[in-house]
Amino acid sequence: MDGTGGTPSAALAEDPPEEAVGPLIRGLAVIRHLTLTGGRRVVSELVRETGLARSTVDRILGTLARLGYARLGEREVALAPPLMELGNAYLAASRIPALLGPIADRLAEELDESVSIAVPDRDGVRFVHQMPRRRTMSVTFHVGDLLPAESAAPGALFAAHWSPADWERWRARVAEDPGYASFPVLPDGTARGAGTFAARAERARADGWSVDDQQIEPGLIAVAVPVRDPDGRPLCALSVVSHTSRHTAGSLRDAVLGRMRETAAAMERALASPSGAPGGATAAGVDEAGGPAAGAPSATPSGASAETPADAPADPATGASAETAAGAAGQREPGAEDRATGPEYIESFARGLRVLTAFGARTEAVSLTELAELTGLPRATVRRALITLTHLGYVAAEGRLFRLTPRVLDLGFPCLARLTLSRIALSHLAWLSAQVNDSASMAVLAGDEIQYVARVPTVRIMSVDITVGTRFPAYATSMGRVLLAGLPREERDAILARTDLRPFTRRTITGRARLAAVLDRTARDGYALVDQELEDGLRSIAVPVRDRAGRVVAAVNVSSHAARRTAEQAREAVLPLLRRAAARIEHDYHIATRFARIPVA
């Protein structure tokens, strides 16, 4: 089957070209199967379900772990956020999120409804941008998710331009997968609309818009309009999504269709404008989100090294270890994969993945020669990788040029886009806790308090007993001071002005002027150490976690009994490791949030 149906082992059953790279075919099949099953799997189950030999699966997973794309535990494997580099390459090269995303976001704000951008992916619809509205009943689809064309509003718009071969492929998929098992994001595992799809596609061709009236899920309605390329074919589709508690399908259409058409026209002008910078770049080394561009050095304001140790312990939430390749938690040096050796490393598989990520450096179709230059690989190696990737549907050939297809988003993106910052942090906190033999935590600011969103406790007779969800006054905690120090001065002063600065111990700083000076020093030094101000005997040290734009969004700390080490010993022994863990969290978070919206908890 193609990119929208069938099992991940189906590609193995097709006859590949003679020059195809077998290890790359098998490795991508394993990634896709892990994606379809939620991003993690017991290794023995993965072996059984893919039909591959245990030794083959072990080498594939070993390679993914060395590249930082997966984390291995004793029994389980979990895909890791750096794997989103593959999907990011497609999204960057397409220019759609960078150029059209901000326009869609403005429409969502104006209409107070969720707005999506989707592209055609064979006989499916793939989301590439989402701007949801925060409501009790809200849309739960994410960037990278794939829906059957017959069930989503954009599908009829795309199908209006299908060839007879496209319709035949769609009919084959409907017949082979009547339960929609290959679309795991569907709410109930089934979809509706196949019986009327041809008629709806014809109507969409005539009307220039289409409607989803509760075909995906009861209560969910959507209107879609095409955004066309210069030849008049839908390049993507703009959708406004709502709920029957707010609209009927007809009233939604009447309320939004005019503005949607105006917005689609603005999107077409943006795509056609020569001023649209490739990849949405606004300056050298800066991407559309205001953070470091792909390939640019990742900023770590705390001064941390992004190197990841190989002895990271298991993620307490997934059972998967935090082990990554040397340098995988930071920007990988070109050619670093080639220096990786050992029986568990498949060089041809790693090189094929490098070819995929290289596409993200261009917004136009690229040649074999350009890809060889971008990857530093021999032309013959890149050629065989392209033959393989084209066979599998991840690359489309346009004469002597090549483009990524939306199917690349099948490689881990949908499940990883569902992570939260707190989930991303867990394996790194586990590593930190094991290194310092003390509890490690993450917290965010909630008004004038901090709230714990992730925590890995140490096992001790005398330990700090705090659980996720616990709140403490920000002014008296190390993480709170880091978070307050990261705020604009006016916002920080406003919080302190309304806070009751009561003493918890005789050491608690309660003077506003002194506390302001401490926060200024925290901002300058990049860390906070609180010595028995919240509770006698409790000492903690914290550093910030920053988003792609450099804003402090969370803090991580190590807390322990004051008898364990002095304050100076904490600075010397704990602070470097704490900064290292924060840098690793930031690295994963920056990759994950380049095109996806990742909540804190």
Quick check on R498: does its CZ atom have over 12 non-hydrogen neighbours (other residues, nucleotides or ligands) under 6.0 Å away? yes

Nearest heavy-atom approach of L99 to A270 is CD1-O, 4.0 Å

How close do L146 and F183 get, heavy atom to heavy atom, and via which atoms? O-CD2, 3.6 Å

Quick check against the 3.5 Å criterion: does T405 have a side-chain atom that pairs as donor or acceptor with the backbone of G393? yes

Between W162 and W170, what is the ring plane arrangement, given parallel below 30°, perpendicular above 60°, and tilted in between? tilted

Given the rule in the side-chain contact (heavy atoms from CB on, under 4.5 Å) test, do R259 and V240 qualify, once you have shown the distances and angles that lead to the verdict? CA-CA 10 Å; R259 282 295 295 121; V240 172; over 6 Å; no

What's the separation between atom CZ in R362 and atom CG in L374, rounded to the nearest 0.5 Å? 4.5 Å

Can you sort out the partners of F402 under ring pair (Phe, Tyr, Trp, His ring centres under 6.0 Å), two or more places apart, ordered by chain and number? none

Where the side chain of R200 meets the backbone of G193, is there a donor-acceptor pair that is under 3.5 Å apart? yes

Rounded to the nearest 0.5 Å, what separation is found between the CD1 atom of I495 and the CZ atom of R492? 10.0 Å

Find the distance between OH (Y180) and OG (S151) and round it off to the nearest 0.5 Å. 5.0 Å

Does any non-hydrogen side-chain atom of T35 lie less than 4.5 Å from one of P414? yes

CZ-OG1 distance between F359 and T375, expressed to the nearest 0.5 angstrom: 10.0 Å

May I ask you to decide if D410's main-chain N or O and R32's side chain share a donor-acceptor pair within less than 3.5 Å? no

Within the distance-only criterion (no hydrogens, no angle test), does the side chain of S422 pair as donor or acceptor with the backbone N or O of V600 below 3.5 angstrom? yes

Between R122 and R173, is any pair of side-chain heavy atoms under 4.5 Å apart? no

Taking the side chain as every heavy atom from C-beta outward, state whether F127 and V185 have any pair of such atoms under 4.5 Å apart. no

Between D588 and R71, does any NZ, NE, NH1 or NH2 come within less than 4.0 Å of an OD or OE carboxylate oxygen? yes

Do S251 and D254 have side-chain atoms, one donor and one acceptor, less than 3.5 Å apart? no

Output yes when a side-chain donor or acceptor of Q130 lies under 3.5 Å from a complementary backbone atom of V143, and no otherwise. no

Answer yes or no: is there an ion pair linking D145 with R418, defined by an N-O contact shorter than 4.0 Å? yes

Between I585 and M442, is a side-chain contact (heavy atoms from CB on, under 4.5 Å) present by the stated rule, with each step listed? CA-CA 11 Å; I585 294 168; M442 172 182 279; 4.1 Å; yes

Do R126 side-chain atoms and G144 backbone N/O form a donor-acceptor pair below 3.5 Å? yes

Apply side-chain contact (heavy atoms from CB on, under 4.5 Å) to the pair R169 and D166, showing each step before the final yes or no. CA-CA 5 Å; R169 180 174 57 239; D166 293 328; 2.8 Å; yes

Is it the case that the side chain of R548 and the backbone of T593 share a donor-acceptor pair, with hydrogens and angles ignored and the cut-off at 3.5 Å? no

Any R246 side-chain heavy atom under 4.5 Å of D112 side chain: yes

Please find the pair of heavy atoms, one from A159 and one from A201, that lie closest to each other, and give the distance. CB-CB, 3.9 Å

Gap separating the CG atom of L409 from the CE atom of M84, nearest 0.5 angstrom: 9.0 Å

Would you say the side chains of T357 and E85 form a donor-acceptor pair under 3.5 Å? no

Is R551 paired with D547 through a side-chain N to carboxylate O contact shorter than 4.0 Å? yes

Given L487 and L445, is the side-chain contact (heavy atoms from CB on, under 4.5 Å) satisfied, shown in steps? CA-CA 10 Å; L487 293 175; L445 198 60; 3.7 Å; yes

Taking all atoms of both residues into account, what is the closest heavy-atom pair of F158 and V119, and its distance? CE1-C, 3.6 Å

How long is the span from the CD atom in E49 to the CG atom in L36, to the nearest 0.5 Å? 10.5 Å

With side chains defined as the heavy atoms from C-beta onward, is the minimum distance between I31 and L34 less than 4.5 Å? no

Which of these, N88, L79, L83, sits in a side chain to side chain contact (heavy atoms under 4.5 Å, CB included) with F413? N88

Can you check whether G124's main-chain N or O pairs, donor with acceptor, with D121's side chain at less than 3.5 Å? no

Answer yes or no: is there a side-chain heavy-atom contact under 4.5 Å between V128 and L100? no

Do D229 side-chain atoms and D231 backbone N/O form a donor-acceptor pair below 3.5 Å? yes

Within the 3.5 Å criterion, strictly below it, is a donor on S367 or T369 matched to an acceptor on the partner's side chain? no

Here the pair of heavy atoms bringing H161 nearest to P234 is CD2-CD, 3.3 Å

Side-chain heavy-atom pair E586, H428 within 4.5 angstrom cut-off: no

Quick one: does L389's side chain get under 4.5 Å of V408's, heavy atoms only? no

Donor-acceptor pair, S239 side chain versus V241 backbone, under 3.5 Å? no

For G352 and A385 the tightest heavy-atom approach is CA-CB, 4.4 Å

Would you please say whether a donor-acceptor pair under 3.5 Å links the side chains of H129 and D105? yes

Salt bridge or not between R106 and E109? Use side-chain N to carboxylate O under 4.0 Å. no

